[in-house]
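Numbering starts at 1 and runs along the sequence shown. The analysis underlying the following values was restricted to heavy atoms, covering all of them including side chains, and did not include hydrogens, waters or symmetry mates.
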Amino acid sequence: DYYLNDEVKVTPTALWRSDFVTSALEGGAIFTYTEKYWLGGSYRLNDAGIIIAGLSMLKDNSLRLGYSLDLTTVGQTAKSPTSHEVLISYALPAPKLFGGKKTPVRTPRFRHQ
């Protein structure tokens, strides 16, 4: 994340997807205002432009609601020129152990010793 000022941060995004036959590259950025509201855009190479917006709710911003609009730029006759998506996400609180301290969250990709 890069902070533009005390209230606005920008988060660059990059994604490469593949099904081992075809692949897609996407890049963009999301701007977050006061840790509550977010707006962004990205471009999927040779496919579509994407606009996304949403808000984070609850005291700890654990509930997120958003909307995304994909605008097809290539192959519009073969598929729909637009697609709409609704995002609802909830982040579960980290479990606590002895003394109320948060436990580290382990991932299977990395070995912690």
Side-chain angles (χ1 to χ4, degrees):
D1 295 341
Y2 299 97
Y3 289 85
L4 302 179
N5 58 40
D6 289 342
E7 296 180 331
V8 179
K9 73 176 177 180
V10 61
T11 305
T13 60
L15 175 66
W16 178 69
R17 292 183 289 183
S18 176
D19 60 3
F20 300 108
V21 176
T22 61
S23 63
L25 180 64
E26 183 177 321
I30 296 177
F31 294 85
T32 305
Y33 176 70
T34 65
E35 300 292 330
K36 288 282 183 195
Y37 309 98
W38 36 278
L39 174 69
S42 62
Y43 179 72
R44 191 174 310 117
L45 193 61
N46 298 321
D47 187 29
I50 299 125
I51 301 168
I52 187 168
L55 65 137
S56 300
M57 298 185 299
L58 301 181
K59 184 171 53 175
D60 59 354
N61 291 333
S62 58
L63 180 63
R64 293 172 35 118
L65 299 175
Y67 170 77
S68 173
L69 173 66
D70 289 23
L71 302 164
T72 302
T73 57
V74 176
Q76 292 178 341
T77 58
K79 53 188 168 184
S80 174
T82 61
S83 118
H84 306 271
E85 299 173 23
V86 175
L87 163 80
I88 300 172
S89 105
Y90 180 73
L92 296 171
K96 294 183 180 181
L97 279 182
F98 311 104
K101 295 180 181 178
K102 290 185 179 179
T103 60
V105 177
R106 308 272 187 219
T107 67
R109 295 182 289 176
F110 303 102
R111 185 162 188 88
H112 301 278
Q113 296 181 5

Tell me which donor-acceptor pairs under 3.5 Å the side chains of residues 18-30 have, and how far apart each pair is, sequence neighbours excluded?
from  : atom 1 : to    : atom 2 : distance (Å)
Ser18 : OG     : Phe20 : N      : 3.0
Ser18 : OG     : Thr22 : O      : 3.2
Asp19 : OD1    : Val21 : N      : 2.9
Asp19 : OD1    : Thr22 : N      : 2.7
Asp19 : OD1    : Thr22 : OG1    : 3.2
Glu26 : OE1    : Arg44 : NE     : 3.2
Glu26 : OE2    : Ser42 : OG     : 3.2

Nearest non-hydrogen partners of [X] and [Y], listed with the distance:
| X | Y | answer |
| --- | --- | --- |
| Lys9 | Asp1 | NZ-OD2, 3.2 Å |
| Trp38 | Gly66 | CH2-CA, 3.9 Å |
| Tyr2 | Pro12 | CE1-CG, 3.7 Å |
| Thr73 | Gly49 | CG2-N, 4.1 Å |

Problem set entry | Check: Thr72 side chain, Ser80 main-chain N or O, donor-acceptor pair, under 3.5 Å |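 Pair found, side chain donor or acceptor close to backbone of Ser80.
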Transitive ILVMFWY side-chain link [X] to [Y], under 4.5 Å:
| X | Y | result |
| --- | --- | --- |
| Leu45 | Val74 | no |
| Tyr33 | Met57 | yes |
| Leu71 | Ile50 | no |
| Ile51 | Phe31 | no |

Exercise. What residues, two or more places apart in sequence or in another chain, satisfy salt bridge (charged side-chain N to carboxylate O under 4.0 Å, His left out) together with Asp60?
Worked result: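 In terms of salt bridge (charged side-chain N to carboxylate O under 4.0 Å, His left out), with neighbours along the sequence ignored, Asp60 is linked to no residue.
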Exercise. Considering the options Leu87, Val86, Ile88, which one meets the side chain to side chain contact (heavy atoms under 4.5 Å, CB included) requirement together with Leu65?
Worked result: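 So, applying the side chain to side chain contact (heavy atoms under 4.5 Å, CB included) to Leu65 and each of Leu87, Val86, Ile88, only Ile88 qualifies.
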Exercise. Can you check whether Lys36 reaches Leu55 side chain to side chain, under 4.5 Å on heavy atoms?
Worked result: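 Sidechains of Leu55 and Lys36: no contact.
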Exercise. In Å and rounded to the nearest 0.5 Å, what is the OH to CD1 distance from Tyr67 to Ile52?
Worked result: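 The distance works out to 11.0 Å.
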